[in-house]
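A short write-up of the structure that comes next.
In this chain, numbering begins with 1 at the start of the sequence shown. We use all heavy atoms of the structure for the numbers below, so side chains are in, but hydrogens, waters and symmetry mates are not.
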Amino acid sequence: MKITLHTIPIRDLVNGFEDNGEDGIVGYFGKLNIRPAFQREFIYGEKDKIEVINSIFKGFPLNVMYWIKAEGGGYELLDGQQRTLSICSYHEGEFFVKVNGSLKGFHNLTADQKDMFLDYELQVYICEDGTTSEQLDWFQIINMVGKKLTDQELLNALHTGPWLASAKQRFSKTKCVAYQLGDRYMDGQPLRQDYLHTVLKWISDQDHTSIEKYMGTHQHDKNSDREWQYFQNVIHWVETLFPHYRKNMAGIDWGILYNRFKDVEYSASDLEEKVRSLTLDDDVQVKSGIYEYLLSGDERKLNLRGFSDGMKQSAYERQQGICPICGRHFEIDQMEGDHITPWHLGGHTTPDNCQMLCRDCNRRKGGR
């Protein structure tokens, strides 16, 4: 793999710049693909963009950028998209920076200030003749600096094609259809690939495989219809079972639950009554765990409140250190608090419902 360092003035970078939105962004006489399929969406904020332009006017060096020579001619931008788009958008007059104490867009600059900006030289490493795997290894190495790519963004670099483009259209755009349908059930941001990563985690679980293997299997599919239909099914299932929305429903792995319980019959009215009761139960410390508990019966999802040290000390003194199951005496640090009436039978974490059991007896009781 051949890697060479080039100095490219900004005037060449912005020459032929075109932002066609979903159809792509190009620059450098139309020969540089600024947003290849594996690239993230633009995430720099206004402050970040201004700092890039300020660095240029102050003559400070920007971090080097990385391009790949594409098949059939031209280049693909491997790393440096955020800086490149900041430079091009300033040249297009999209924002202002302070130059010599005055706010100026590019069109407001004097002739010598424009030349100063356009003559600024960018340091660009260009990679050619490497295999795809070599180029992607390089991609992962250079990602060790700057704004880190998410795991999903790195996986996108390995699985470009029409399927990924279609999936990103549905799950990775601002106000995308996945956002409009299920935003209140999701965590993260579509632009950082959080929605795409979540739905791929869910559907790969359904197929008993990993996200990476799932993406490899479907890389050359013509579209993402399967994933979109699956996501709709999950959201419809959730809204049918739990029609009364609560904020703690956001960020739950609904797809994993759907995979496990979609064929089980439930009564939505019964579930709602139980959700309301558990939400008001002070012993339930993780309210978002209510939903999985109701489907699976696993009390661990609720992180039930334990007995305080004071409650355990009182019970220990009341029992005079005797375990009521085996009848033997123990020091308090050899015993554990236990619900006399189990929580699932209506017992609460209150002093009168606390007893101290030796560790062995408590383990045996908990295993029944």
Side-chain angles (χ1 to χ4, degrees), residues 40-41 43 45 148 150-153 167-206 211 224 227-308 343-344 346-350:
R40 70 178 81 183
E41 302 299 325
I43 61 171
K148 300 292 185 183
T150 64
D151 290 342
Q152 188 58 51
E153 286 168 334
K168 288 179 69 176
Q169 182 70 30
R170 283 167 163 158
F171 297 100
S172 303
K173 303 295 181 183
T174 302
K175 304 296 184 181
C176 59
V177 289
Y179 176 91
Q180 295 176 46
L181 177 66
D183 173 63
R184 60 185 186 167
Y185 300 104
M186 306 291 281
D187 265 345
Q189 306 171 45
L191 284 178
R192 292 312 308 272
Q193 311 303 312
D194 296 322
Y195 283 27
L196 178 60
H197 183 75
T198 296
V199 75
L200 291 178
K201 178 176 71 171
W202 293 350
I203 199 169
S204 60
D205 172 80
Q206 175 187 255
I211 295 177
S224 60
E227 294 73 28
W228 174 235
Q229 184 61 59
Y230 171 84
F231 184 71
Q232 292 180 87
N233 290 345
V234 171
I235 300 303
H236 175 71
W237 178 77
V238 174
E239 292 180 335
T240 299
L241 287 186
F242 304 103
H244 182 76
Y245 178 79
R246 293 173 173 86
K247 288 184 178 180
N248 58 25
M249 296 173 73
I252 295 173
D253 267 326
W254 290 112
I256 306 299
L257 298 178
Y258 171 81
N259 298 340
R260 291 174 59 192
F261 302 109
K262 66 179 183 294
D263 295 325
V264 180
E265 291 188 10
Y266 298 95
S267 164
S269 58
D270 288 347
L271 288 174
E272 170 57 25
E273 183 178 344
K274 292 175 182 177
V275 170
R276 186 182 300 110
S277 174
L278 291 168
T279 299
L280 296 173
D281 190 332
D282 291 337
D283 284 349
V284 176
Q285 297 188 92
V286 178
K287 303 301 183 182
S288 60
I290 290 172
Y291 305 95
E292 183 168 355
Y293 164 71
L294 290 177
L295 299 174
S296 68
D298 186 351
E299 288 183 8
R300 293 173 298 177
K301 303 303 178 182
L302 302 174
N303 191 19
L304 294 172
R305 181 166 62 99
F307 292 105
S308 69
W343 175 83
H344 64 273
H348 292 285
T349 308
T350 53

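Under the 6.0 Å cut-off for aromatic ring centres, Phe171 and Phe231 qualify, their centroids lying closer than that.
By the neighbour-count criterion of 12 heavy atoms within 6.0 Å, atom OH of Tyr185 is densely surrounded, having more than that number from other residues, nucleotides or ligands. More than 12 heavy atoms of other residues, nucleotides or ligands shown are found within 6.0 angstrom of NZ on Lys262. Around CZ of Arg300, the count of heavy atoms belonging to other residues, nucleotides or ligands within 6.0 Å does not exceed 12.
With sequence neighbours excluded, no residue forms a ring pair (Phe, Tyr, Trp, His ring centres under 6.0 Å) with Trp202. By the ring pair (Phe, Tyr, Trp, His ring centres under 6.0 Å) test, Tyr258 pairs with Tyr230, Trp237, sequence neighbours left out. Applying the ring pair (Phe, Tyr, Trp, His ring centres under 6.0 Å) test to Tyr293 and every residue at least two apart in sequence or in another chain returns Trp343. Under the side chain to side chain contact (heavy atoms under 4.5 Å, CB included) criterion, Arg305 pairs with Asp283, Gln285, Met311, Thr349, not counting sequence neighbours. Applying the salt bridge (Lys or Arg N to Asp or Glu O under 4.0 Å) rule to Glu272 yields the partners Arg246, Arg276; only residues at least two apart in sequence or on another chain are considered. Under the salt bridge (Lys or Arg N to Asp or Glu O under 4.0 Å) criterion, Lys287 pairs with no residue at all, not counting sequence neighbours.
Taking the six-membered ring for Trp and thresholds of 30 and 60 degrees, Tyr266 and Phe261 have ring planes more than 60 degrees apart, a perpendicular arrangement.
A heavy-atom distance below 4.5 Å is not found between the side chains of Met186 and Asp194. Counting only heavy atoms from C-beta outward, the side chains of Lys301 and Val286 never approach each other to under 4.5 Å.
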- Task: Apply side-chain contact (heavy atoms from CB on, under 4.5 Å) to His197 and Ile211, showing your working.
- Result: CA-CA 8 Å; His197 183 75; Ile211 295 177; 3.4 Å; yes
- Item | Trace of the side-chain contact (heavy atoms from CB on, under 4.5 Å) decision for Leu241 with Leu294 | CA-CA 11 Å; Leu241 287 186; Leu294 290 177; over 6 Å; no
- Message: Asp298 vs Glu292, test: side-chain contact (heavy atoms from CB on, under 4.5 Å). Steps then yes/no.
- Response: CA-CA 8 Å; Asp298 186 351; Glu292 183 168 355; 5.7 Å; no
- Task: Verify side-chain contact (heavy atoms from CB on, under 4.5 Å) between His244 and Val275, making sure each step is shown before the conclusion.
- Result: CA-CA 10 Å; His244 182 76; Val275 170; over 6 Å; no
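Summarising the geometry, atom NZ belonging to Lys274 is positioned 6.0 Å from atom CG belonging to Asp270; distances are rounded to the nearest 0.5 Å. Taken to the nearest 0.5 Å, the CG atom of Leu181 stands 6.5 Å off from the CD atom of Glu239. Between the OG atom in Ser204 and the CD1 atom in Ile256 there is a gap of 7.0 Å [rounded to 0.5 Å]. Rounding to the nearest 0.5 Å gives a distance of 11.0 Å between CD1 of Ile235 and OG1 of Thr240. Atom OG1 of Thr279 is separated from atom CG of Asn248 by 6.0 Å, given to the nearest 0.5 angstrom. Rounding to the nearest 0.5 Å gives a distance of 4.0 Å between OG1 of Thr174 and CG of Leu191.
When atom types are taken as modelled, the side chain of Ser277 and the backbone of Glu273 share no donor-acceptor pair closer than 3.5 angstrom. Counting only distance, with no hydrogens or angles, the side chain of Gln180 and the backbone of Lys175 share a donor-acceptor pair below 3.5 Å. When atom types are taken as modelled, the side chain of Ser172 and the backbone of Gln169 share no donor-acceptor pair closer than 3.5 angstrom. The closest donor-acceptor contact from the side chain of Ser224 to the backbone of Glu227 lies at 3.5 Å or more, if one exists at all. Under the 3.5 Å distance criterion, the side-chain polar atoms of Asn259 are matched with a main-chain donor or acceptor of Gly255. A distance-only check finds no donor-acceptor pair linking the side chain of Arg170 to the backbone of Trp228 [under 3.5 Å].
Taking every heavy atom of both residues into account, Gly188 and Tyr195 meet most closely at O-CE1, 3.8 Å. The heavy-atom pair separating Thr350 from Phe307 by the smallest distance is O-CE2, 3.5 Å. Here the closest heavy-atom approach between residue Arg260 and residue Ser296 is recorded as NH2-CB, 4.0 Å.
The only member of Ile252, Leu278, Leu271 that meets side chain to side chain contact (heavy atoms under 4.5 Å, CB included) when paired with Ile290 is Leu278.
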